[in-house]
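Naming: A, B, ... by sequence-line order, numbering from 1 per chain.
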Amino acid sequence: MPVDLDADSVTLARALLGAHFRVGAITVRLTEVEAYAGSGDPAAHAFRGWRPHTRHLFEPPGTLYCYRSYGIHVCANLVSGPDGSGSAVLLRAGQVVEGLELARSRRPAGVPDARLARGPGCLGQVLALSLNDSGRRLGEPGLDLRPPQGEVGAIASGPRVGVSVAAGRPWRFWLVGEPSVSAYRPSPRMLPGALDDLDEN
DNA sequence: GCTTTGATAGACT
DNA sequence: GTCTATCAAAGCA
C-alpha cells in the first residue's frame, strides 16, 4: 500500500489529502481531513477507551470506522496507527472524480458538483455509507485508496470543526483553494476562550 | 430508566 | 451570517 496507513493520525491525515478514495462506483479526491489521536485526545471518540460503538477504531490501520452524528448524518473515519491506539482520520470533504451522476442522484437536486461531498455528513451520503460499513477494510472489494497523483496543492491547517475540547490542536488539514472544503464552524458547545490555547502550540 | 450532548447540514433573516 | 431540527449513544441516577 503506497499510503502508509500505519503512520500516526496527523501524518496520515496529511498523506490522505489529494488521495483518491473509492467506495463502490464513487471515487472522491480527498480535500479536507481531521486527525484524532485515540485515547490521548479528549476530542476523539476513543478517548474513554473501548466501547461497543467505537470498537472498529481499535482495529488495525486501514479499517473504516463510521458513526452517526446529530441523529441523521454518517461520517467516515480511516483508522491510523499505531495499531490498537484508537487513532483515526476523519474524512471531512472531497471532490467527486468518478461516479458523478450517481453522486448527484444521492443528493438533493440543484447541489453544485463542488459541494456534493462538502462536509463529513455529505461525504457519507455521496458514498452511501451506513453504520454497516464500519469495520470494512481498505483493499476489500469495492473499497480502496490511491495515493495522490502529481502535485498536491498547498496544505493549510487549523482547529478542528465542531470540537469543544482541545481546540488548541490544529489537526484539521485541507487543500488551499478547493471549493469542496467546508467552512469552519466552531462547536455550539464551545466554551468562551477555548481558542485562547491556540497560542500555546 | 432518564437526561444531556454532540467530529452537522440546511433553512432562514 | 445566524438559527435550530433531530436522535442515538454516552453519562448519570
Taking any strand in view, what nucleotide pairs with B:dC12 in a Watson-Crick or G-U wobble way, both distances under 3.5 Å?
C:dG1

With both distances kept under 3.5 Å, what pairs with C:dT6, Watson-Crick or G-U wobble?
none

Just checking A:Arg107: base, sugar-phosphate only, or nothing, at a heavy-atom cut-off of under 4.0 Å?
sugar-phosphate

Touch class at under 4.0 angstrom, heavy-atom based, for A:Arg160 against every strand present
nothing

For nucleotides C:dC7 and B:dC12, find the distance between their C1' atoms and express it as a whole number of Å.
23 Å

Take atom P in C:dC12 and the same atom in B:dA7, then report the distance between them in whole Å.
16 Å

Distance (rounded to the nearest 0.5 Å) between A:Leu57 CG and A:Thr63 OG1
9.5 Å

Does A:Tyr67 make a side-chain donor-acceptor contact with the base of C:dA9, cut-off 3.5 Å?
no

Side chain of A:His53 - closest among B:dT8, C:dA10, B:dG10
C:dA10

Listed nucleotide nearest any side-chain atom of A:Leu90, set B:dT8, C:dA8, B:dA7:
B:dA7

Nucleotide B:dT8, atom C1' - distance to CZ of A:Arg92 in whole Å
9 Å

Grab the CG-P distance between A:Leu78 and B:dA7 for me, whole Å please.
19 Å

Stacked pair A:Tyr36-B:dA7, distance under 5.5 Å, angle under 30°
yes

Does A:Tyr70 lie flat on the base of C:dA5, that is, centres under 5.5 Å apart and planes under 30° off?
no

Is A:Arg146 close enough and on-axis enough to A:Phe21, meaning under 6.0 Å and within 45°, for cation-pi?
no

Charged N to carboxylate O below 4.0 Å: is that the case for A:Glu140 and A:Arg136?
yes

Evaluate the ring pair (Phe, Tyr, Trp, His ring centres under 6.0 Å) criterion for residues A:His45 and A:Tyr67: first the C-alpha distance (whole Å), next the side-chain angles of each, then the deciding distance (0.1 Å), finally the verdict.
CA-CA 10 Å; A:His45 284 183; A:Tyr67 69 94; 4.5 Å; yes

